[in-house]
Amino acid sequence: MTQTPESSAPVRPRAVIEVEAVHKTFGDLHVLKSCELTVRAGEVAVLVGPSGSGKSTLLRCLNQLEEPSAGRVLIDGEVQGYQPDPLPDGRWQKLASAQIAAQRSRIGMVFQRFHLFPHLTALGNVMEAPVQVRGLPRAAAEKKARAHLERVGLADRADHYPSELSGGQQQRVAIARALAMDPELMLFDEPTSALDPELVSEVLAVLKDLAADGMTMVVVTHEMNFAREVADQVVFMDEGRILERGTPEQVIDHPGSERLQGFLASVL
């Protein structure tokens, strides 16, 4: 019997995100409790769970908008926010603000609210960070911005101000703005929760296109049909803990706990 050479075994994509025993407390409130999560290159991880379960806090820890109280986050194998090795006394040495900004610049994040600059057009909003943060010449930034606006279906709205756009259009501008920084991964914190129901589908369509293009993404959402269609792994959180994870079929179609069954019954 011929043994299969070790080199012929399928190679798993690299781990882009590694969350290791992360805790987060705010005073006496223990928001995250020993969370462990791995997201590999090209994967879409969808975080689901009731309000207050810690989903958004975990997402914010990935982008250093919140600092874990214990544990650590690695992006592409690099510890976020701290020197890679602790000091002799066991303490972690925090990175300088410029180093943290450099780490954060590799991650695109889209929030519930759009946070667009009201005095800038859609084009101006998408151009702003590449020009101001990356120092890209304005002509090159404009070319890139127009390409990203076209990607999210808003090429014909480039010269419109946020007040002239629908909520769904504003959120798509926010996605284009994040993409303009050439991120290695994208984080979405309930990107459709502030939208009227008829506008949700246009934003989800953009996320589906990004997933099809191989963008590594973590999405907090209550849109279970989106999770079923796009997610490589669905992660169920409750009371600060990751209780279940797996494929959409495993988590959504065959929930293993009464708690998850109850949650799904309330959202499906």
Side-chain angles (χ1 to χ4, degrees), residues 10 12-19 22 32 35-51 53-63 73-76 107-112 151-152 168 171-172 174-175 178-179 183-195 197 199-238 240-257 259-268:
R12 299 185 73 188
R14 76 185 191 283
V16 174
I17 298 170
E18 296 168 276
V19 176
V22 163
L32 296 178
C35 291
E36 302 266 352
L37 178 67
T38 299
V39 181
R40 298 188 177 276
E43 284 188 347
V44 178
V46 175
L47 307 186
V48 301
S51 297
S53 59
K55 307 182 300 295
S56 293
T57 301
L58 179 57
L59 201 71
R60 291 170 68 86
C61 285
L62 299 180
N63 201 27
V73 173
L74 294 87
I75 304 295
D76 275 336
I107 303 171
M109 187 159 183
V110 177
F111 300 88
Q112 297 178 33
R151 183 177 188 180
V152 300
Q171 190 62 294
R172 285 187 281 157
I175 294 171
L179 292 172
E184 297 176 28
L185 66 136
M186 290 283 289
L187 310 177
F188 296 88
D189 189 4
E190 300 197 36
T192 61
S193 65
L195 301 179
L199 302 177
V200 169
S201 61
E202 64 187 49
V203 174
L204 292 181
V206 174
L207 270 61
K208 291 174 185 177
D209 286 343
L210 291 176
D213 287 345
M215 174 65 75
T216 307
M217 301 194 295
V218 182
V219 184
V220 173
T221 186
H222 286 96
E223 300 289 339
M224 303 306 295
N225 288 332
F226 169 81
R228 191 192 304 275
E229 183 177 346
V230 177
D232 295 288
Q233 62 171 316
V234 178
V235 180
F236 174 63
M237 296 186 67
D238 188 40
R241 298 185 186 279
I242 294 175
L243 296 187
E244 295 192 40
R245 78 187 82 202
T247 65
E249 181 182 11
Q250 291 168 329
V251 175
I252 300 174
D253 297 335
H254 300 94
S257 66
R259 183 67 190 94
L260 177 53
Q261 291 170 20
F263 169 74
L264 292 173
S266 70
V267 296
L268 290 176

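Since we're looking at a predicted model, the values are computed, not measured. Heads up: numbering here begins at 1 and tracks the sequence.
Looking at D232, its side chain does come within 3.5 Å of a backbone N or O of V44 through a donor-acceptor pair. In this structure, E244 contributes its side chain and G256 its backbone to a donor-acceptor pair below 3.5 Å. Counting only distance, with no hydrogens or angles, the side chain of K55 and the backbone of P50 share a donor-acceptor pair below 3.5 Å.
A salt bridge is defined here as a Lys NZ or Arg NE, NH1 or NH2 lying under 4.0 Å from an Asp or Glu carboxylate O, and D209 with R151 fails to meet this definition.
The shortest side-chain heavy-atom distance between L260 and L243 does not fall under the 4.5 Å cut-off. Taking the side chain as every heavy atom from C-beta outward, V218 and L58 never approach each other to under 4.5 Å. Proximity of E223 to V46: side-chain heavy atoms (C-beta onward) are nowhere separated by under 4.5 Å. No side-chain heavy atom of L207 sits under 4.5 Å from any side-chain heavy atom of V230. Between D76 and R14, the closest side-chain pair of non-hydrogen atoms falls below 4.5 Å. Between L187 and V110, every side-chain heavy-atom pair lies at or beyond the 4.5 Å cut-off. Proximity of V39 to T216: side-chain heavy atoms (C-beta onward) are separated by under 4.5 Å at one or more points. Using a 4.5 Å heavy-atom threshold, the side chains of F226 and T192 count as separate.
Annotation for C35 and V19: closest pair O-CG1, 3.3 Å, computed over non-hydrogen atoms. In terms of heavy atoms, Q112 sits closest to Q171 at O-NE2, 3.6 Å. Of all non-hydrogen atoms in L210 and F188, the two that sit nearest each other are CD1-CZ, 3.9 Å. Smallest separation of non-hydrogen atoms from A227 and P248: O-CG, 3.6 Å. Between L59 and M109, the closest heavy-atom pair is CD2-CE, 3.8 Å.
In summary, of the residues considered (T38, I75, L74), a side chain to side chain contact (heavy atoms under 4.5 Å, CB included) with I17 occurs for I75 alone.
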